[in-house]
Amino acid sequence: MRWTNTSDARFDNPETARTPSGLRLIRYAHSYPQAWKPHFHAVLRCPHNAAFGARAAPTTIARDLSETSCVKDSLHQLVLQAIARLREQAVLPADATTAFVVERTRSAEHGDFATNAALLLVRHAHLNPRALAQALVAALPQNPQIAKVEIAGPGFINFFLAPAAYHGEVRRIHSDAGKYGHNASGAGKVAGVEFVSANPTGPLHVGHGRAAAIGDCIARVLDANGWVVRREFYYNDAGVQIGNLALSVQARARGIKPGDAQWPADAYNGDYIADVAQAYLAGASVEADGRAFSGAQDANDLDAIRRFAVAWLRHEQNEDLAAFGVAFDVYFLESSLYADGKVDETVRELVAHGHAYEEGGALWLKTTDFGDDKDRVMRKSDGTYTYFVPDVAYHRSKWQRGYVRAITELGSDHHGSLARVKAGLQALDCGIPKDWPEYVLHQMVTVMRGGEEVKLSKRAGSYVTLRDLIDEVGRDATRYFLIARKADSQLVFDIDLARSQSNDNPVYYIQYAHARVASVLRQLGERGLQWNRDNGLAHLARLDNAHESALMTQLSRYPEIVEAAAASLEPHLIAQYLRELANALHAYYHAHQFIVDDADLRDARIALIVAAQQVLRNGLDLLGVSAPESM
C-alpha cells in the first residue's frame, strides 16, 4: 500500500472527535445513503514518516492478500495485525479482543469490504469509535493489493481493493483447481448428516427427492469446509406402516385388488404393491444389508411377506437414489434399536436421572423441564413405546458414535416432534449440547407441466415419484431445481422449464457457461494457437475493462459462499451464486473477443475464463451436477 502525506476527513460534529496526532482534518462533501447520516467519513493516506505513522510504522507482510487464503480472510488477518500493533502501543489494553467481522459492502461507493472492528473495540479504548478507527487504519500493515482505506459512519472501516487483489485470486483458482473454495474450518471433526430416511413402504416421492438433494448437498458443502462427513439413512422398519405394507402385499398375493370388499382399509394402493406380490410369489431374490431375501411363495406367511417386501422396496429406493447420485455411509434400522436393547436402555437412563414419572398406567417424560409445552408419554399403558422414544435412542447413538455435529434433514411436517426429541436428549444428562442435533426442514414440492399441477404417478398411485422426475428431465436438472430455493420455502418444479434448452432454465444456463469456455479452447486449437497459462497469469493487469472486473469480483466471492452455505446449512446459496457467476461469464463472452492477435491479452483473457470455468465446475460438484464440455 502506498501512503501519501495527506489525510482527508469529514466530521459532522468535530467538537466530539478525537484524532491521533499527525492527522489533518478537512471538511468536504460526500454523499451516502440516508441511513448512514449523520456520519463521519475519512480517507487516510498515512506517510511512513508522519507523526502517527512514525509511532506505528507500517510493515510489509510477506504474502499477497490472496496467495494462501481468500481476500476476506486475508483482510481479517490484516485487521488482527493492526489490533495487535495497537496493543503493543497501549492504545488498546493487552487483553482487548473482539469478534469483529469483515463483510462485503452493499455498494461500490463504500468500497469492496468493510469491518466493524473499531465499533466493537471502543469499549477497551480511551477513544471514540471514529478516532479508534483512524488508529486502526494507521496501524494496518502495508499491502499493495489495497488501493485505499476509508472510515465511514461512526467508525466503519471500508477497504477498496486494487486490481492486484483480484488478479491474485485468479492465480489461486488456477493453483488450487478443484480445491478452490475449500477451507479447513471443520478441522477434521465428524458431522453426521441424516436425510431422506423414507419408510420402506413405497417408491421415493418428489419430497424425498428434495430431501435427498438438500441432504447430499449439505454433506458435500460440509466436506468442502473440512468436516469428516457421515451420510446416514434411518429406516423406520418397525412401525405400523410396515404392518400395513405386509397386509397390502399379502392381499395382492391372494388376488385381492384395491376397491374389492376384502381390500385392507389402510393398505397401499399403488401398482408397485402388485409388483412386489408377483415377485414374492415367483420366488424372486433381492439383496438388502448385504443379505439375500427370497420370496417364500406362501401367501399366508405374513412375516415372510413383510421381510421380502421391506427388502424389495429398500432395494428399489437405493436404486433410485443411485440414479440421483446419492449414496450413504450408514444405513440404520429402527428395529436394531429394539433388538440391541437401546430403547430400553435409554428409558432406564431417563428414569435414573429423575426426569420420568408414572401416571395413569403410563410412563411420562418431564419434557416441560426442557422447554416443551407439555410432558410426553414414553411408554403407554399397554407397554409399547410412543414414536419419539426410539428417536431419542437413535440420536443418543449418534452422540455415542462421536458426531460433533448431527444434522437431520426432514419434511416440515415433522416440526412438532423436534422439541420433545431435544428434551429427551437433554434429560439424559450426558453432555449433549442444547442446540444438538441441528434440523433442516423442507417445504413441499409442487410439480407442474403445461401450467397444470401433476399430482399422480401411475405406479405409485398417489404421488409423483423421484424416478418420474429423473426420467422426465434428467438427474442434473432434477437435482438443481430441487436445491435451487431455500429449504423452508415452497418449491414449484416446472417440468417444461427443466427440459428447455434456454437461458430461462438455470441449470442449462450454468452448464452452457462451462461448455462455452471449453468451446473457446477448442477453437483456439482449431486456429493453430496455444494458450500459455503462465504468460496469461503474468499479464492479468491487461484485464482492465468493466466486464473483466465484474467477473473477477464474482469469482472472489466463491470461498465466502462455500463457507456461508456450511455455516447456515443452506446449499441453495451455491446454486444462486453459480447463476450469478454464469451471468457474468456470459456477459463477458458477448462483449469481448478472447482469441485476439495480442498474445499477452489473449492468454490473460483465457486465463480468466478458464478460472471461471473451474469455479463453475467446483460449484456444480457441490450440487452433484455435471459440468459438460459441450452442449
Side-chain angles (χ1 to χ4, degrees), residues 196 202-217 270-272 319-326 411-412 442-516 519 570-587 589-590 616 619-631:
V196 183
L204 298 175
H205 55 62
V206 65
H208 294 135
R210 190 175 192 190
I214 294 170
D216 187 54
C217 290
D271 289 349
Y272 70 93
E319 287 190 326
D320 288 349
L321 289 168
F324 201 44
V326 174
S412 58
H442 71 261
Q443 289 285 347
M444 65 178 292
V445 180
T446 301
V447 181
M448 304 289 290
R449 182 195 286 114
E452 296 183 354
E453 183 178 354
V454 180
K455 294 184 177 181
L456 302 177
S457 163
K458 179 180 179 182
R459 185 164 182 273
S462 59
Y463 54 81
V464 178
T465 69
L466 173 60
R467 178 68 77 165
D468 290 336
L469 284 185
I470 296 173
D471 291 345
E472 282 268 3
V473 305
R475 184 176 83 179
D476 285 346
T478 303
R479 285 191 66 120
Y480 184 91
F481 273 67
L482 290 177
I483 198 65
R485 290 179 61 82
K486 192 175 181 180
D488 63 4
S489 62
Q490 294 192 357
L491 187 149
V492 175
F493 194 113
D494 188 329
I495 289 177
D496 298 325
L497 177 60
R499 295 183 64 180
S500 69
Q501 296 185 0
S502 71
N503 291 344
D504 294 328
N505 178 350
V507 67
Y508 175 85
Y509 187 69
I510 295 165
Q511 289 179 317
Y512 188 38
H514 182 276
R516 256 186 167 161
S519 176
E570 293 181 334
H572 75 282
L573 297 175
I574 304 290
Q576 293 176 352
Y577 166 81
L578 290 177
R579 190 166 187 179
E580 294 168 3
L581 176 58
N583 185 59
L585 180 55
H586 284 305
Y589 179 91
H590 289 300
L616 287 169
L620 287 170
D621 182 66
L622 292 184
L623 300 183
V625 175
S626 69
E629 296 290 312
S630 62
M631 294 181 70

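Numbers here simply count residues along the sequence, with the first being 1.
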Counting distance only, does the side-chain N/O of Asn505 pair as donor-acceptor with the main-chain N or O of Leu497 below 3.5 Å?
yes

Is a side-chain N or O of His514 found less than 3.5 angstrom from the main chain of Pro628, in a donor-acceptor match?
yes

Distance-minimising heavy-atom pair for [X] and [Y]:
X	Y	value
Leu616	Ala582	CD2-N, 4.3 Å
Phe493	Ala498	CE2-CB, 4.0 Å
Gln511	Ser626	NE2-O, 2.9 Å
Ala575	Tyr480	O-OH, 3.1 Å

What's the separation between atom [atom1] in [X] and atom [atom2] in [Y], rounded to the nearest 0.5 Å?
X	Y	atom1	atom2	answer
Ser412	Met444	OG	CE	9.0 Å
Ile470	Asp320	CD1	CG	6.5 Å
Lys486	Ile214	NZ	CD1	11.5 Å
Leu620	Ile574	CG	CD1	10.5 Å
Thr446	Asp494	OG1	CG	11.5 Å
His586	Ile510	NE2	CD1	8.5 Å

Is any side-chain heavy atom of [X] less than 4.5 Å from a side-chain heavy atom of [Y]?
X	Y	value
Leu491	Phe481	no
Leu585	Arg516	no
Val447	His205	no
Leu466	Thr478	yes

Please check if the number of heavy atoms outside Tyr508 that lie under 6.0 Å from its OH is greater than 12.
yes

Give a yes or no on whether Gln501 atom CD has more than 12 heavy-atom contacts from other residues, nucleotides or ligands under 6.0 Å away.
no

For the salt bridge (Lys or Arg N to Asp or Glu O under 4.0 Å) test, which of Arg475, Arg210, Arg479 pairs with Asp216?
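Between Asp216 and the candidates, salt bridge (Lys or Arg N to Asp or Glu O under 4.0 Å) is satisfied uniquely by Arg479.
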
Test log, rule side-chain contact (heavy atoms from CB on, under 4.5 Å), inputs Leu578 and Val625
CA-CA 12 Å; Leu578 290 177; Val625 175; over 6 Å; no

Stepwise side-chain contact (heavy atoms from CB on, under 4.5 Å) test for Leu482 and Phe324:
CA-CA 12 Å; Leu482 290 177; Phe324 201 44; 4.0 Å; yes

